[in-house]
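Computed from a predicted model, the values in this text were never measured in an experiment. Both counts, for ligands and for their atoms, begin at 1 and track the order of listing.
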Amino acid sequence: MARVAIVTGGTRGIGEAISVGLKNAGYKVAANYAGNDERAKAFTERTGIAAYKWDVADFDACQAGVARVVADLGPVDIVVNNAGITRDGTMRKMSRGGWDEVLDTNLGGCFNMCKAVWEGMLERSFGRVVNIGSINGQAGQYGQVNYAAAKSGIHGFTKALAQEGAAKGITVNAIAPGYIDTDMVAAVPPNVLEKIVAKIPVGRLGKAEEIARGVLFLVADDAGFVTGSTMSINGGQHMY
Ligand code: CAA
């Protein structure tokens, strides 16, 4: 039986590449998204992967969303917590709302989704959780105290939950992408982005598929000895 995977934020950017990578590798995939119906519809038409709408920042919505996926595809074996937003701004300009939104979605979303699948994974003695962190959670970034705190939190969350899952067949790992060619990175002012790219030893932005490659490794049945780790995929920008 093919394993069932949920990818949050799975219809666009890095999430889309992960959803498609998993489907091509034979997994049954549910791609979650929060808002952009048009892009989600186009994604499903293009890939044949069903898209499920709910907000990962909403605890009850995650419970209901996971229940829908279970009813359609079966028990969930794999969760990729990829959904994330930015509300960049220096401390002087950042609002409390911009802090809360990023923490609730990027970090709260990991908690909400893990809570919704954890008991089932324990019952079946198998699970793979992959949390998408960030180079900016490892190194910090000017204008991103909210995003860096949330992503750094994801790295701590990963190491803590990995300890709880280790003896139960559940692995919990993180990937820390660098700057990847997505809409999110395209929103960085061009003059700022140019300076960032100049500091990437590989000399270019990453591709979403290069993150999906790491996810496929971590979710495999034979990756059971890899847990609590952070895989940096950043073109050498931060060696950590
Ligand atoms: N280090 C030191 N100083 C910096 C700086 C840096 N990295 N970046 C900007 N500054 C300085 C500027 O030189 C400027 O100084 P002066 O006023 O003395 O000239 C001052 O800070 C204000 O800079 P801006 O004019 O850029 O200010 P702003 O308010 O218009 O924008 C900002 C600030 C929103 C942080 C903008 O610089 C920005 O978007 N930076 C990029 C942030 C970033 O990397 N986001 C990543 C998004 S993608 C992502 O998050 C995915 C992932 O996981 C990697």
Within the supplied structure, the quantity of interest is the number of heavy atoms (other residues, nucleotides, ligands) at a distance under 6.0 Å from Arg213 CZ; does it exceed 12?
no
Would a search of protein heavy atoms around [atom] find one under 4.0 Å away?
| atom | answer |
| --- | --- |
| atom 31 (O) of ligand 1 | no |
| atom 16 (P) of ligand 1 | no |
| atom 19 (O) of ligand 1 | no |
| atom 12 (C) of ligand 1 | no |
| atom 53 (O) of ligand 1 | yes |
| atom 9 (C) of ligand 1 | yes |
| atom 24 (P) of ligand 1 | no |
| atom 1 (N) of ligand 1 | yes |

Using a strict cut-off of 4.0 Å, indicate which atoms of ligand 1 neighbour a heavy atom of [X].
| X | value |
| --- | --- |
| Asp88 | 42 (C), 43 (C), 45 (N), 46 (C), 47 (C) |
| Tyr179 | 43 (C), 44 (O), 46 (C), 54 (C) |
| Ile196 | 44 (O) |
| Val185 | 48 (S) |
| Ser134 | 52 (C), 53 (O), 54 (C) |
| Gly178 | 54 (C) |
| Met184 | 48 (S), 49 (C), 51 (C) |
| Val188 | 41 (C), 45 (N), 46 (C), 47 (C) |

How far is [atom] from its nearest protein heavy atom, and which residue and atom name does that atom have?
| atom | result |
| --- | --- |
| atom 26 (O) of ligand 1 | Val192 CG2, 4.6 Å |
| atom 35 (C) of ligand 1 | Gly143 CA, 3.5 Å |
| atom 22 (C) of ligand 1 | Tyr142 OH, 4.1 Å |
| atom 50 (O) of ligand 1 | Gln144 NE2, 3.0 Å |
| atom 51 (C) of ligand 1 | Tyr147 OH, 3.4 Å |
| atom 38 (C) of ligand 1 | Pro189 CD, 3.9 Å |

Establish, from distance only, whether the side-chain atoms of Ser229 and Asn173 form a donor-acceptor pair under 3.5 Å.
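Per modelled atom types, Ser229 and Asn173 side chains form a pair under 3.5 Å.
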Between Thr90 and ligand 1, does any nitrogen or oxygen pair lie at a separation below 3.5 Å?
no
Regarding ligand 1, does Lys93 bring an N or O atom to under 3.5 Å of one of the ligand's N or O atoms?
yes
Can you check whether Ile132's main-chain N or O pairs, donor with acceptor, with Asn82's side chain at less than 3.5 Å?
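Flag not set: sc Asn82 to bb Ile132 has no pair under 3.5 Å.
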For Arg124 and Val76, indicate whether the former's side chain and the latter's backbone hold a donor-acceptor pair under 3.5 Å.
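The answer is yes, because a donor-acceptor pair under 3.5 Å joins these two groups.
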Residues Glu16, Arg46: salt bridge by 4.0 Å N-O rule:
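Salt bridge flag = yes for Arg46 with Glu16.
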Arg68 with Asp72: basic N within carboxylate O range, under 4.0 Å
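No.
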State if Gly137 counts as touching ligand 1 under the rule of any non-hydrogen atom under 4.0 Å.
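Outside the 4.0 Å threshold, so no.
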Compute the minimum heavy-atom distance from Thr182 to ligand 1 and say whether it is under 4.0 Å.
no
Nearest heavy-atom neighbours spanning Lys151 and Ser134:
CG-CB, 3.6 Å
Report whether Leu22 and Val4 are members of the same hydrophobic cluster (ILVMFWY, side-chain heavy atoms less than 4.5 Å apart, transitive linking).
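Not linked; separate clusters.
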